[in-house]
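Below you'll find the structure, written out as structure tokens, and then a few comments.
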Amino acid sequence: MEIYTLKSIIILIFSLLFGTVFASEISYIRYYLNEKDFIANVPMKSTNRRGYDHLTAYFNDKNLPVKLEYYMSNGSLRKREIMEYSSDKILMKKGEVNSEGKFLKLVVYSNDEPWSVEFQKSNFIEKESVNLVDQRSTFIIPRGEQVTQIIFETIDGLKYGKIELDYDYLNFLSEERWRKLPSGEIIRKFNYKFDLMSNVTQIWEYGKNNKLVSEVALDMVPADQLYRTPPPRTGNILDEYDIIRKEIKEKRIITSNNPIIPHSVFDRLVLKSGQSLEVDFVGTNQNGIQFRLSNNDGLLTVPFNNVRSLTSRMGDVIYPEAIEFRKSY
């Protein structure tokens with residue numbers, strides 16, 4: 001219930017961040033030849049930027065950059081980033097947005113970011129060997145609409161885990177996989193099934209070795225009926241309790257069968273030799289595509305030039321399309 005609620009909050013947070021940053025007053029603008037000069041605060045004259053790749057930085061009245069725009073030599077915009085700071089001038093969030101103001105990527109710098117806290121609370125990592133102070137969470141939103149990945153990283157650049165989110169053809173969440181990095185091992189998985197007729201959501205949770213842990217059914221209550229007590233709610237008022245109690249009292253029966261997942265349980269990798277493999281696609285690096293086999297605990301890599309195609313378990317073509325846009329962060 002808590003995890004499902006967090007999903008609903010994410011897009012709202014993104015919207016609020018974008019509005020907050022651009023509502024901030026921009027005091028002045030500076031131009032830089034590259035990121036190295038920007039970090040070193042070595043600006044260039046505005047007249048010198050014509051005909052060269054450069055970036056434009058917008059500063060607020062506290063001398064903090066709140067927006068960066070990356071331009072190509074022909075004057076076209078390549079990337080736009082916005083930043084948000086705490087009251088003591090510490091960077092809290094940095095996001096890449098498209099021309100419509102939709103987030104494509106958002107980095108949250110916080111020890112209290114909810115998704116990372118859940119990942120760490122489950123003891124999926126050896127905390128004594130990983131420094132989680134000042135960790136960051138990166139949300140990947142390829143089309144600016146749905147989060148497909150949440151990547152957890154330490155301050156020194158170690159990626160210790162990530163959550164992958166898959167959606168069905170109706171854009172409902174269908175599968176959620178929690179991976180331990182760098183091994184790529186799936187340590188927790190959720191399957192979702194939305195019944196549009198009854199407004200019931202069924203959730204199956206799996207642990208290590210794909211063992212079923214729990215299954216529940218939740219009513220998709222209309223927003224105007226979810227809370228009987230109008231906000232702000234104080235004290236020990238929890239209206240959701242009444243909904244859950246009603247479910248238990250009526251002994252709602254849910255199917256004990258596994259959820260119907262389109263296509264297959266695994267991703268399908270086809271090599272140029274013609275060999276077809278059922279794999280668990282983990283990601284990419286400079287050496288090629290990373291994956292795990294169902295009967296192998298190790299992380300394997302195959303060069304890009306040996307791969308004919310890669311199709312996700314949801315039936316989406318991952319490769320030869322822009323594979324780096326989906327998994328390589």
Side-chain angles (χ1 to χ4, degrees), residues 2-3 6-7 9-22 24 35-36 38-39 55 57 60 62 64-68 70 79-98 102-142 144 146-165 176-188 282-286 290 324-329:
E2 177 184 359
I3 294 177
L6 285 174
K7 292 180 178 62
I9 295 175
I10 283 183
I11 300 301
L12 176 61
I13 294 176
F14 292 165
S15 302
L16 291 177
L17 172 60
F18 184 78
T20 300
V21 171
F22 280 87
S24 302
E35 284 189 340
K36 182 179 179 181
F38 169 70
I39 295 173
L55 62 89
N60 61 15
K62 296 180 181 180
L64 296 172
V66 294
K67 182 172 69 170
L68 289 176
Y70 295 75
K79 183 173 67 171
R80 177 184 288 118
E81 293 181 341
I82 60 176
M83 285 77 74
E84 181 182 353
Y85 302 86
S86 64
S87 57
D88 50 358
K89 300 183 179 182
I90 297 177
L91 181 64
M92 297 173 57
K93 302 183 183 76
K94 180 173 72 172
E96 179 182 345
V97 298
N98 61 16
K102 295 181 178 180
F103 277 92
L104 303 176
K105 178 180 177 181
L106 177 67
V107 184
V108 180
Y109 303 88
S110 173
N111 296 326
D112 301 321
E113 190 279 309
W115 289 89
S116 63
V117 171
E118 283 295 320
F119 197 95
Q120 297 165 20
K121 276 169 48 179
S122 301
N123 295 319
F124 291 145
I125 58 176
E126 298 178 359
K127 295 184 178 180
E128 64 274 10
S129 61
V130 179
N131 179 16
L132 300 176
V133 177
D134 295 329
Q135 75 98 51
R136 66 192 63 178
S137 301
T138 302
F139 296 81
I140 308 300
I141 316 103
Q146 296 171 324
V147 178
T148 60
Q149 287 190 85
I150 309 170
I151 303 168
F152 310 116
E153 187 176 355
T154 64
I155 191 173
D156 53 1
L158 173 65
K159 296 178 181 178
Y160 65 86
K162 70 174 176 177
I163 297 175
E164 300 169 345
L165 304 171
E176 175 181 330
R177 296 179 298 278
W178 297 35
R179 292 187 188 273
K180 182 178 180 179
L181 295 179
S183 69
E185 176 189 2
I186 295 178
I187 49 184
R188 196 178 189 186
V282 175
T284 65
N285 58 21
Q286 59 183 0
Q290 297 177 304
E324 69 280 356
F325 192 62
R326 176 182 172 90
K327 291 278 187 177
S328 63
Y329 294 94

Does the side-chain contact (heavy atoms from CB on, under 4.5 Å) test come out yes or no for Gln135 and Glu153, once each step is laid out?
CA-CA 6 Å; Gln135 75 98 51; Glu153 187 176 355; over 6 Å; no
Which is it for Arg188 and Phe119 under the side-chain contact (heavy atoms from CB on, under 4.5 Å) test, yes or no, and what are the steps along the way?
CA-CA 10 Å; Arg188 196 178 189 186; Phe119 197 95; over 6 Å; no
What's the verdict on side-chain contact (heavy atoms from CB on, under 4.5 Å) for Thr284 and Gln290, showing C-alpha distance, side-chain angles and the deciding distance?
CA-CA 5 Å; Thr284 65; Gln290 297 177 304; 5.8 Å; no
Does Val97 form a side-chain contact (heavy atoms from CB on, under 4.5 Å) with Ile82? I'd like the steps, not just the answer.
CA-CA 8 Å; Val97 298; Ile82 60 176; 4.3 Å; yes
Using the rule given for salt bridge (charged side-chain N to carboxylate O under 4.0 Å, His left out), can you reason through Glu185 versus Arg179, listing the C-alpha separation, both sets of side-chain angles and the distance that settles it, and then say yes or no?
CA-CA 5 Å; Glu185 176 189 2; Arg179 292 187 188 273; over 6 Å; no
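Taking 4.5 Å as the limit, every side-chain heavy atom of Glu164 sits out of range of all side-chain heavy atoms of Glu176. Contact annotation: the side chain of Arg136 approaches that of Tyr109 to within less than 4.5 Å [non-hydrogen atoms, C-beta and beyond]. For the pair Lys159 and Ile151, the minimum side-chain heavy-atom distance is below 4.5 Å. When side chains are defined from C-beta on, Lys94 counts as touching Glu81, because their heavy atoms get closer than 4.5 Å. Looking at heavy atoms from C-beta onward, Asn131 lies out of side-chain contact with Asp156 at the 4.5 angstrom threshold. Inter-residue side-chain proximity for Val108 and Met92 is flagged as unmet; no heavy-atom pair is nearer than 4.5 Å. Residues Trp178 and Ile186 have side chains not in contact (no heavy-atom distance under 4.5 Å, counting atoms from C-beta outward). Here the side chains of Lys102 and Ile141 are not in contact, with every heavy-atom distance at 4.5 Å or above.
Side-chain atoms of Asp134 never come within 3.5 Å of backbone atoms of Ile155 as a donor-acceptor pair (strictly under, hydrogens ignored). Formation of a donor-acceptor pair under 3.5 Å by the Lys162 side chain with backbone atoms of Thr138 is not found in this model.
Partners of Ser110 according to the side-chain hydrogen bond (donor to acceptor under 3.5 Å, both in side chains) rule, which considers only residues two or more places apart in sequence or in another chain, do not exist here. Listed by chain and residue number, Ser116, Ser137 satisfy the side-chain hydrogen bond (donor to acceptor under 3.5 Å, both in side chains) test with Glu113 (two or more places apart in sequence, or in another chain). Applying the side chain to side chain contact (heavy atoms under 4.5 Å, CB included) rule to Ile39 yields no partners; only residues at least two apart in sequence or on another chain are considered. Applying the side chain to side chain contact (heavy atoms under 4.5 Å, CB included) criterion to Lys36, with sequence neighbours excluded, gives Asn34. For the side-chain hydrogen bond (donor to acceptor under 3.5 Å, both in side chains) test, residues two or more places apart in sequence or in another chain that qualify with Asp88 are Ser86. Every side chain to side chain contact (heavy atoms under 4.5 Å, CB included) that Leu64 has, sequence neighbours left out, goes to Asn60, Lys62, Tyr85, Lys89.
Across every non-hydrogen atom of Phe38 and Ala57, the tightest pair is CE1-CB, 3.9 Å. The minimum heavy-atom distance between Thr148 and Pro142, with the atom names listed, is OG1-CD, 3.3 Å.
Between the CD1 atom of Ile140 and the CD1 atom of Ile163 there is a distance of 13.0 Å, given to the nearest 0.5 Å. In this structure, Lys105 NZ and Glu96 CD are separated by 7.0 Å, a value rounded to the nearest 0.5 Å.
Between Phe152 and Tyr160, the angle of the ring planes stays under 30°, which puts this pair in the parallel group of the 30/60° scheme.
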